[in-house]
There are 2 protein chains.
Amino acid sequence: MELHEPELREVPVTAVLAALADDVRLQIVRALAPGGEHACGSFEFGVSKATRSHHLKVLREAGLTRTRVAGTTRYVRLRREELDRLYPGLLDAVLAERGGVA
Amino acid sequence: MELHEPELREVPVTAVLAALADDVRLQIVRALAPGGEHACGSFEFGVSKATRSHHLKVLREAGLTRTRVAGTTRYVRLRREELDRLYPGLLDAVLAERGGVA
DNA sequence: GAGCTTGTTCGACGGTTGTCGAACATGGGT
DNA sequence: ACCCATGTTCGACAACCGTCGAACAAGCTC
């Protein structure tokens with residue numbers, strides 16, 4: 001299992017933004033934001049596990065998360081430091097609980 | 001001509017991010033970032049005027065730009081203050097020239 | 001008014017994306 | 001060894017998106 005995790009510098013900005021521009025993925029990022037690892041299965045938004053797996057892959061390949069394999073479970077965490085270094089303010093702006101949504 | 005320009009608070013975050021997650025639109029935002037008004041026709045990226053019109057509409061309806069009509073030409077500008085107030089750091093992070101792309 | 005310029009709207013097209021169930025892979029338990 | 005749990009991958013399908021040319025609308029100038 002290759003676990004393809006790109007260097008953040010090599011990911012186009014538009015790909016990072018596109019990865020964040022989805023409701024389910026944003027929920028995942030919000031859940032991850034406080035820090036620490038989460039088992040993939042711990043995300044219970046109303047989607048099938050196939051869909052959840054897909055979203056986690058998108059996040060990983062956009063350079064937003066890192067995944068550790070431990071037995072049959074996989075633990076995900078936000079690459080916060082790298083993100084804050086490369087895109088200072090991005091995560092804070094996006095995660096701010098104030099609002100958005102109609 | 002209605003010129004539908006929503007309140008930024010009422011636009012879902014994902015819509016703002018989706019609007020920025022496109023190469024052509026990001027180029028437009030970068031051109032607008034220094035400030036001031038630009039005529040729609042002044043954007044010469046390799047797309048037809050139909051496509052350009054479409055992208056400007058997406059930006060406007062995501063609350064990112066404001067448009068002033070003057071005769072047959074339309075002038076566009078970034079809603080920078082509102083964006084910086086609601087999403088501090090977002091624009092700076094996204095516009096930073098360092099970057100992205102392989 | 002004729003004609004030009006600027007920009008929008010209308011299909012249409014092809015590609016991408018989100019979603020799912022089903023099948024598969026892997027690694028524990030007992 | 002068998003079963004169960006956790007995830008991934010594989011079609012498939014519908015919806016959406018970026019793109020275009022063509023038609024249209026509105027305003028300016030002669």
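By convention in this document, chain letters (A, B, ...) are assigned in the order of the sequence lines, proteins followed by strands, and residues within each chain are numbered from 1. Atom set for the values below is all heavy atoms of this structure, side chains included, hydrogens, waters and symmetry mates excluded.
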Euclidean distance, atom [atom1] of residue [X] to atom [atom2] of [N] [Å, nearest integer]:
X: B:Arg74; N: D:dA25; atom1: CZ; atom2: P; value: 15 Å
X: B:Phe45; N: D:dG18; atom1: CZ; atom2: P; value: 16 Å
X: A:Arg60; N: D:dG7; atom1: CZ; atom2: C1'; value: 11 Å
X: B:Ile28; N: C:dG7; atom1: CD1; atom2: P; value: 12 Å
X: B:Phe43; N: D:dG18; atom1: CZ; atom2: P; value: 17 Å
X: A:Glu61; N: D:dT8; atom1: CD; atom2: P; value: 11 Å
X: A:Tyr75; N: D:dT8; atom1: OH; atom2: P; value: 13 Å
X: B:Lys57; N: D:dC17; atom1: NZ; atom2: C1'; value: 13 Å

Under the rule for side chain to side chain contact (heavy atoms under 4.5 Å, CB included), what residues qualify as partners of [X], not counting sequence neighbours?
X: B:Val58; result: B:Ala19, B:Arg25, B:His54
X: A:Lys49; result: A:Arg52
X: B:Asp84; result: B:Arg80, B:Leu91
X: B:Ser53; result: none

### Message
Tell me which pairs pass salt bridge (Lys or Arg N to Asp or Glu O under 4.0 Å) where either residue lies in residues 61-72 of chain B, with sequence neighbours left out.
### Response
B:Glu5-B:Arg66, B:Glu37-B:Arg68, B:Arg66-B:Glu82
### Task
Can you tell me which residue pairs pass the salt bridge (Lys or Arg N to Asp or Glu O under 4.0 Å) test with a partner in residues 12-22 of chain A, sequence neighbours excluded?
none
### Query
Which pairs with one or both residues in residues 13-41 of chain A pass ring pair (Phe, Tyr, Trp, His ring centres under 6.0 Å), sequence neighbours excluded?
A:His38-A:Phe43
### Task
Would you mind classifying the nucleic acid contact of B:Ser53 as base, sugar-phosphate or nothing, using non-hydrogen atoms under 4.0 angstrom?
base
### Query
How would nucleotides 14-30 of chain C be written as a contact map, 5' to 3', with B for base contact, S for sugar-phosphate-only contact and - for no contact, using protein heavy atoms under 4.0 Å?
----SBBB----BB---
### Query
Under 3.5 Å, is there a donor-acceptor pair between the side chain of B:Arg30 and the main chain of B:Leu95?
yes
### Query
Quick one: CG on A:Leu78 to CG on A:Leu83, what's the gap to the nearest 0.5 Å?
6.5 Å
### Task
Give me the bend of the helix from C:dG1-D:dC30 to C:dT30-D:dA1, using the axes of the five pairs at each end, rounded to 10°.
20°
